[in-house]
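As structure tokens, the structure follows; a few thoughts come after it.
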Amino acid sequence: MQNASFLPVAFEVIQLAGALLVLLVGVIAGKQRRVWAPIAGVTFLASAGAGVLQWRAVSEGSGGFFFSTQELEIMRSPMVVMDGLSAFAAIVLGLVGFVALLGSWDLVASLGKRSSEFVALTLLAVAGLHMMTVTPNLVVIFIGLETASISFYVLAGFIRGSRKSDESALKYFLLGSLASAMFLYGVALTFAATGSLSIYGVNSIRDFFSITIITEPGILLAGLALMFVGLFFKISAAPFHQWAPDVYQGAPSGAVGLMAAGVKIAGFAALARIFIGGFVSQTDVWVPIVAVVAAISMIVGTTMALVQTDLKRLLAYSGVAHSGYLLAAMVGGIRGIPPMWFYVSTYAFMIVGAFTIVSVVCGPASTAAPIDSFKGLAKRSPEMGWLLAIIMFGMSGMPFFAGFVGKVFAFVVAGEAGYMWLVVIGTLTTVVGFAFYLRVVSGIFSSGDDDDREIDPSLSARFAIVISAVATVLFGIVPWPLLDVVREALPF
Amino acid sequence: MSLTVTWFLLLGAALFSIGVAGVLIRRNALVMFMSIELMLNAVTLTFVAVSKDLGLIEGQVAAVFVMVVAAAEVTIGLAIIVAVFRTRSSANVDELAEMKG
Amino acid sequence: MTDLLWLVVALPLLGAVINLLFGKRIGEPISGWLAFGFVAISWAIAVPATLSFVTGSGHTETIYLFSWIPAIGVDAAILWDPLSALMTMIVTGIGSLIHLYSIGYMRGDERYPRFFAFMNLFIASMMILVLAANYAVMFVGWELVGLSSYLLISFWFTKPSAAAAGKKAFIVNRIGDWGFIVALMIIFISFGTFDFHTVFASAPTAITVGTATAITLLLFVGAAGKSAQLPLHIWLPDAMEGPTPVSALIHAATMVTAGVFMIARSAVLFEMAPVAGAIVAVVGTATALLAALIAISQTDIKKVLAYSTISQLGYMVLGVGVGAYTAGIFHLTTHAFFKALLFLGAGSVIHAMADEQDMRKMGGLRKNMPITFITMGAAWLAISGIFPFSGFWSKDEILAATFAKGGGFILLWGVGLLVALLTAFYMTRLFVMTFLGKPRWSGDVQPHESPATMTIPLVVLGFFTVSVGLINTPVRLAFEHFLESSFEGVAHIEALTFGSFSILATVALVVAVVGIAWAWPKYNTDELPAEDGKFWQRSLLAFGVDEIYGRTIVAPGKKASEWAADSMDPKVIDGAAHGIGRGISGFGSVLGKMQTGQVRGYAGVLAVAGAILIIVFVVVGGGF
Amino acid sequence: MPVLSILIVLPLVGAIVVGLLPRHRTELVYPIALAMSIPPLAAALHILWYFNAGDASFQFGEHIVLVESFGISWTLAVDGISLFMVVLTALLFPISIAASHSITDRAKTYMVLMLILETGVLGVFLSLDLFVFFAFFEIVLIPMYLLISMWGSENRAYASLKFVLFTAVGSAFLLASIVALGVLTGEQLGTLVNFDFRNMLSVEFSSTTELALFVGFAIAFAIKIPLFPFHTWLPDAHTEAPTAGSVILAGVLLKMGTYGFLRFNLTLFPQAAVDLAIPLAILGVIGIVYGAAVAIVQPDIKRLIAYSSVSHMGFIVLGTFALTTQGLSGSVVLMISHGLTTGALFLLIGMVYERTHTRKIADYGGLAKVMPVYAGIFLFSAFASAGLPGLSGFIGEFTILIGAYLSLPVLTIIAGSGVILAAIYLLWAYERVFTGPVTNSKLEGLKDLGFREVAILAPLIVLIIGIGVYPKPVFDRVEPSVEIILDRIEAETEFEVPEFARVSDLVDIDYEAEREVSDHDDGEEG
């Protein structure tokens with residue numbers, strides 16, 4: 001083990017430690033949730049802090065590859081890489097995790113004894129998510145993916161005795177496992193083709209031996225395709241998205257935010273890591289295909305969202321569309337990574353904020369959120385009404401809200417790559433998006449007749465929503481600080 | 001006709017496909033899950049075969065990891081299936097369609 | 001002298017603004033006197049500058065005021081030549097008399113200051129029209145007189161008919177204005193300027209006869225609107241809904257003659273387009289005839305005068321159409337006096353009869369209103385064309401010029417004579433029914449002579465009605481010399497010999513006398529003759545022109561608008577938009593059908609999509 | 001001093017100040033919001049005053065690179081075209097805010113939205129970076145959407161959504177075109193992407209690319225204007241919007257479309273502009289006639305004025321695509337004028353609506369008897385809208401008609417019929433609302449306009465007359481800017497502007513010489 005150091009894996013270590021501590025304290029302290037609240041919070045913030053340290057180290061030039069298994073540097077089969085991509089992912093995941101935990105605190109509070117499990121799973125999931133971004137080794141990516149997924153399966157079904165929650169968990173589990181298996185088979189085929197589990201393997205081996213051991217290029221391509229399938233599934237790109245609405249709807253509202261946000265962050269970071277940072281020579285193959293998937297996602301996501309009557313499902317479908325826009329950024333290759341980061345990190349805050357509001361309005365354990373229940377929200381709670389409106393505007397891609405910058409930059413890089421047709425589809429589906437986001441906004445400001453109970457969200461939920469909304473507006477009006485940062489958030 | 005690695009790869013592919021078919025065809029959640037386990041085993045087979053063929057250790061390490069992950073999935077999966085069975089007293093996934101559209 | 005001419009426009013405008021803003025505070029008689037004062041001062045300012053033309057010391061000049069629309073090279077500028085001087089005199093002169101008259105006539109009206117504000121606005125607008133040094137500024141005046149006309153016709157807006165009449169006047173005028181605007185477009189594309197001097201100077205070389213014909217015909221469309229020529233004559237009779245001084249000033253003496261003035265102003269262009277001139281002449285004659293035929297049956301005293309005005313305008317248009325610009329303008333001048341007098345006299349009668357306008361309920365007013373009776377008598381003889389009243393001279397000149405053109409114009413001359421006969425007939429009918437015979441009014445009406453502010457203008461106008469014709473007789477062509485420089489470069493019609501002129505004049509005079517002799521005994525009876533033949537009925541309804549327009553233009557137009565508003569917009573355009581929306585959500589619903597909720601279905605899609613992805617990857621990547 | 005940035009930020013500062021007012025001090029909202037709308041006006045007047053007339057180039061320029069890797073910069077400047085749009089915006093906002101006295105429900109939010117809207121609109125007219133331009137172009141939707149959907153009348157949900165979706169469809173094409181254009185510009189510059197308007201001028205396109213981009217821009221602006229057949233959102237939006245919303249919508253938001261045509265379509269894509277001038281002018285003319293015809297039969301006075309806007313905006317499009325100096329500068333003048341006259345009309349309708357709560361023409365009659373001052377001002381505005389000479393509308397329409405005839409004679413003759421139809425719908429509406437006897441007992445005893453209401457209308461009236469009587473200062477500033485558009489079109493394409501289509505072509509009238517000639521003639525005769 002050369003280059004062994006704590007920092008590159010600090011995020012995972014802190015998260016795991018935090019998770020263990022929470023479980024331990026949970027056993028000891030029983031129902032005293034207040035005890036682990038600070039532990040979990042500190043864990044997330046410490047993880048984000050570790051991310052900042054990683055970022056500093058990277059910008060000082062001490063990033064690089066760690067935990068290599070081979071002496072031969074050129075073979076490069078390191079287990080961990082510390083670069084802009086992983087460091088930024090750490091920061092974002094830490095912060096999003098923190099905010100999401102705040103947002104789900106109402107749910108945690110209602111869980112009683114099991115709440116420590118919930119928090120620990122959250123911490124574990126985020127650890128797994130970051131693991132997907134921090135390694136060039138495909139198997140480690142798989143392990144991270146499974147760590148996160150398995151945690152999420154449980155979180156989705158966390159409400160005991162709820163038919164919908166169970167259904168959600170089982171669907172997520174069966175389909176998720178299927179997709180994971182496909183991803184893993186992709187890894188195996190890639191291994192078969194290149195003889196390496198590293199994303200750099202295919203190139204480095206070729207460089208070193210001046211020959212290729214790839215006997216059948218089809219095997220490598222099939223492997224890549226299967227890895228795409230697995231990741232497309234995770235980021236819920238159409239047509240691999242069908243699980244998302246059902247799972248989001250059935251899962252407790254307080255838990256969905258993290259599921260939706262975290263998987264997107266890690267999924268896209270992993271896509272960027274594997275296909276933009278790694279298999280460079282296959283770019284010509286996957287770019288047009290990703291463009292097509294992006295287009296399908298945009299179209300399917302927006303049109304389906306248009307006909308939804310449940311806000312959770314609507315957000316799920318809109319997430320499909322957002323994946324489409326993010327994939328449009330991917331089409332731009334390395335140039336697309338900063339827009340992708342900007343987009344996905346702001347989206348993460350928005351979606352966490354949105355689901356937190358859902359959990360505030362419809363209850364943290366709710367498995368349904370009819371849009372009608374948001375009618376007259378501004379009257380019941382002007383604050384919540386406006387915050388939801390801001391988040392909706394942000395998601396719809398209105399300028400001076402964060403969604404705009406990411407989306408348009410994604411279009412720009414797609415345009416640069418020559419995919420103008422994708423840009424046109426993107427802008428047009430954005431309009432369809434206005435239709436359903438504004439339907440929600442209309443409802444907020446209309447005079448709701450049946451329900452005028454005042455809504456008084458808990459401090460933590462309020463805090464989570466306000467942070468999301470502030471981020472939405474702030475990065476919309478003053479995007480450059482974040483843009484400057486994400487410009488460096490690239491894989492090696 | 002010697003037993004080259006290609007045969008193992010083909011066997012892996014066949015097992016994987018059978019697994020996928022199982023997921024698609026069977027209605028029982030438990031059997032579906034077993035099909036997924038079959039897929040994972042197909043992967044393991046592929047890993048090991050390639051690893052042996054190329055004389056690399058990674059593939060075998062990967063195989064071990066896959067088994068661990070599969071084990072983890074089993075525990076969670078069974079728990080979920082049991083939970084579903086409790087609320088619906090059925091593990092038939094076709095009845096599991098309250099949420100759609 | 002000419003340096004102050006801008007005040008001729010500015011003063012009435014100032015008067016209008018003052019009365020509009022502070023009229024209520026100024027109060028009843030003073031605001032009227034104020035308005036009168038502004039117009040009178042305008043007149044006074046213009047007098048010396050006009051006299052300089054008479055004495056021969058004046059010369060045509062253009063006074064630049066300021067650059068108005070630089071993009072099309074339009075400056076606010078005044079063209080001061082004999083023609084505009086004459087018009088200025090008529091407008092401000094008769095205008096101030098009518099202002100004076102109105103001070104008494106409008107007494108007690110609750111919107112008294114407003115009335116004078118509008119009147120002043122009219123004078124200012126008319127002066128812009130008259131003094132304009134280019135077509136664009138002329139068009140400004142052209143439109144603004146339309147505005148004042150609208151405001152004044154519907155002055156008593158609580159009467160729906162008055163409001164409708166004002167609207168009708170403005171809209172019909174706008175139809176004419178469309179022609180004017182198109183003419184302006186062609187003028188600009190041909191000359192690059194609207195300046196009269198430049199246009200007329202370069203017209204013979206710059207444009208073809210075809211272009212000139214187009215311009216002049218379109219200008220005539222505008223003139224037809226303003227001067228109530230066929231087929232746009234329908235607004236003028238309705239315009240009588242306005243207060244009578246308005247009818248006198250705007251719808252008899254000044255504004256309606258703007259069309260004639262405009263044609264005279266564009267004489268150079270009309271000279272280049274003989275076809276257009278002929279069409280103008282024919283339309284003028286037809287208008288004169290039709291209006292006269294309608295006038296003979298009307299029972300409303302103002303309606304008679306209104307149709308008579310249309311008829312006389314037809315004469316003027318005939319005059320300028322045949323190229324007798326001086327004659328046309330001469331008739332314009334004389335008509336301004338006697339028609340204003342007729343209207344003011346009619347107003348005086350209406351005033352005295354407690355707002356009764358039906359001549360069948362008048363009669364025998366001679367004794368009650370001697371001044372009105374005498375002055376109106378003069379006007380009656382003038383319009384009928386009796387020697388030596390002013391109408392005789394001017395009408396004759398037009399008829400003579402028409403005759404002199406020869407060819408088909410002889411026919412027009414014949415129709416003109418017929419109109420002269422009819423004119424004499426219906427004016428006699430009016431005069432006799434009103435002032436002679438037995439009183440037919442009910443007991444509670446106490447007719448009385450009007451106050452001095454009203455009778456003084458009558459007398460002054462009466463004086464001119466008698467005398468003004470003498471300024472241009474075949475013996476002494478002062479008027480023609482006066483206007484000479486305005487019609488420079490326009491070919492003169494070959495003057496008839498004195499002998500043939502005398503013969504024509506005699507014929508006309510005989511016709512007029514016949515007309516009077518025919519009508520006098522018919523109506524100077526105790527019992528009014530029954531006028532209930534088919535002809536009379538149709539004539540009374542103005543031959544149903546309004547109704548025809550309503551059926552053929554207004555109703556289909558409204559139907560088309562309604563179709564657009566009720567079908568095109570909501571059904572076709574919005575229908576398409578909604579259709580797209582429905583299409584998208586329909587597509588969403590169809591996709592939603594695939595979202596069955598069945599895990600196995602999802603897994604199937606996942607597997608199939610994955611398989612497709614593998615195949616595509618391998619194919620695109622060249623794996624096969 | 002970055003005047004333009006200050007101008008853009010001032011309303012936003014105002015919005016923040018209003019937003020921070022304590023919740024219970026509702027009585028402060030109106031005066032503070034009004035006060036906060038004055039500084040932008042002052043800044044706009046400052047710009048107007050120090051603007052160098054006769055200078056065709058962009059003035060008061062500011063340029064700060066925002067995102068270098070994406071070629072985005074904060075580039076602001078005014079020229080003769082945007083100058084007046086900015087001043088119009090800065091003027092109409094204080095007026096609309098002043099006219100919103102009756103808004104008591106969530107007044108603070110309302111005022112904040114108004115001020116944010118102002119920032120957005122100013123940004124549209126000042127930005128020369130297309131990315132920033134688009135951001136402002138699009139952001140305007142939100143406050144307007146909320147204004148309609150929160151303070152609108154019965155059918156507001158439908159109308160506000162229709163407004164957003166129609167416009168957003170256009171924006172979709174606009175954004176795609178801007179992205180493509182930015183990429184092309186970047187390629188030309190050797191960087192990756194660039195959105196600076198000034199750099200775009202040097203881009204060479206293939207003819208299909210140019211056509212596609214032109215169409216992309218044109219769809220967006222055509223919907224915004226709105227050009228037939230994209231106009232159906234406008235009547236609904238106007239009808240449902242609160243008074244101030246209608247004023248701003250008609251006064252400045254629609255101008256964003258015509259401004260976009262002038263600034264971007266004509267300048268960036270000269271060849272396509274020449275090729276597509278006639279189809280677009282045809283749509284403009286259809287709009288003129290169609291809008292006016294539909295206006296005639298509208299039963300709702302606000303809808304009527306909305307359709308009249310369609311008609312007027314058709315004139316502007318016709319003038320724009322006539323590609324003559326007169327047409328273009330007339331378009332700019334008509335944009336200003338339409339903002340003033342239609343603004344005044346909507347304010348007036350709002351004032352009477354506050355009293356009667358009905359917009360149905362049939363509910364009125366004889367109003368002039370009850371509210372004479374109101375009737376007078378209404379009639380004045382109606383005539384100004386109908387293009388009465390001496391008022392601002394005429395200057396624009398007349399200049400457009402004269403200028404458009406030079407290149408599109410047949411269309412212009414048809415367009416001329418718009419003046420007839422305008423008289424019909426306005427006067428007929430006036431007749432039904434104001435004249436005749438008072439038929440509706442609800443109208444009796446209505447109070448005439450008060451001092452505050454007259455004061456709100458006064459600046460508009462003064463400007464309508466001022467521009468109508470002496471428009472030269474406007475033309476002096478607009479003409480150089482539109483002439484360089486034509487210069488560019490002539491340089492880039494084979495198009496040649498017709499004779500007299502430039503001010504320098506016009507016949508110079510020498511009044512002194514005329515006098516001498518006449519003297520000479522007189523002398524000869526004498």
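Sequence lines set the chain letters: A, B, ... in the order given, protein chains first and strands last, and positions in each chain run from 1.
With a threshold of 4.5 angstrom between heavy atoms, B:Val5 does not approach chain A through any atom at all. Only the side chain of A:Leu197 comes within less than 4.5 Å of a heavy atom of chain B; its backbone N, CA, C and O stay farther away. Proximity to chain B (any heavy atom under 4.5 Å) is shown, for A:Met182, by both the backbone and the side chain. For A:Thr147, no part lies under 4.5 angstrom from a heavy atom of chain B. Contacts of A:Val187 with chain B are made by both backbone and side-chain atoms, with heavy-atom separations under 4.5 Å. Neither the backbone nor the side chain of B:Thr6 comes within contact range of chain A; no heavy atoms are under 4.5 Å apart. For B:Val84, the parts lying under 4.5 angstrom from a heavy atom of chain A are both the backbone and the side chain. No part of A:Gln242 comes within reach of chain B, as not one of its non-hydrogen atoms sits under 4.5 angstrom from that chain. Only the side chain of A:Arg313 comes within contact range of chain B, with heavy atoms under 4.5 Å apart.
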Report task. Apply side-chain hydrogen bond (donor to acceptor under 3.5 Å, both in side chains) to the pair A:Ser253 and A:Ser366, showing each step before the final yes or no. Result -> CA-CA 6 Å; A:Ser253 300; A:Ser366 60; 2.6 Å; yes
Query raised in the report: Which is it for A:Leu145 and A:Leu231 under the side-chain contact (heavy atoms from CB on, under 4.5 Å) test, yes or no, and what are the steps along the way?
Result: CA-CA 9 Å; A:Leu145 186 119; A:Leu231 291 173; 4.1 Å; yes
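Judged by distance alone, the side chain of A:Thr135 and the main-chain N or O of A:Met79 form a donor-acceptor pair under 3.5 Å. Proximity of a side-chain donor or acceptor of B:Thr46 to a complementary backbone N or O of B:Ala42 within less than 3.5 Å is detected. Within the 3.5 Å criterion, the main-chain N or O of B:Ala13 finds a donor-acceptor partner in the side chain of A:Tyr185. The backbone N or O of A:Thr190 lies less than 3.5 Å from a partner atom in the side chain of A:Thr194, making a donor-acceptor pair.
You'll find the ring centres of A:Phe233 and A:Phe183 outside the 6.0 Å limit.
Listed options A:Asp310, A:Val139, A:Thr367 were ranked by heavy-atom pairs under 4.5 angstrom with chain B; first place goes to A:Val139. Contacts with chain B were tallied for A:Val154, A:Ile143, A:Val307; A:Ile143 has the most, counting heavy-atom pairs under 4.5 Å. Put simply, of B:Thr87, B:Leu96, B:Thr44, the one with the most heavy-atom pairs under 4.5 Å next to chain A is B:Leu96. Comparing A:Gly186, A:Ala368, A:Ala181, A:Gly176 by how many heavy-atom pairs each has under 4.5 Å with chain B, the most go to A:Ala181.
Using a 4.0 Å cut-off between charged side-chain N and carboxylate O, B:Glu98 and A:Arg163 make a salt bridge.
Between A:Phe240 and A:Phe232, the ring-plane angle classifies as parallel under the 30° and 60° cut-offs. Ring pair B:Phe47/A:Phe191 is tilted by interplanar angle, where 30° to 60° counts as tilted.
Every residue meeting the ring pair (Phe, Tyr, Trp, His ring centres under 6.0 Å) condition with A:Phe158, not counting sequence neighbours, appears here in chain and number order: A:Phe118.
Counting non-hydrogen atoms of neighbouring residues, nucleotides and ligands closer than 6.0 angstrom, the CZ atom of B:Arg26 reaches no more than 12 such neighbours. Remark: A:Arg114 CZ is packed, more than 12 non-hydrogen atoms of other residues, nucleotides or ligands lying under 6.0 Å away.
Sorted by first then second residue, the salt bridge (Lys or Arg N to Asp or Glu O under 4.0 Å) pairs that include residues 145-158 of chain A, not counting sequence neighbours, number zero.
Contact annotation: the side chain of B:Arg88 approaches that of A:Glu167 to within less than 4.5 Å [non-hydrogen atoms, C-beta and beyond]. Between B:Asn92 and B:Asn28, the closest side-chain pair of non-hydrogen atoms is not below 4.5 Å.
Interface with chain B: from residues 243-251 of chain A, residues A:Asp246, A:Gln249, A:Gly250 qualify, criterion being any non-hydrogen pair under 4.5 Å. When the heavy atoms of residues 64-73 of chain B are compared with those of chain A, the residues falling under 4.5 Å are B:Phe65, B:Val66, B:Val69, B:Ala72, B:Glu73, listed by number.
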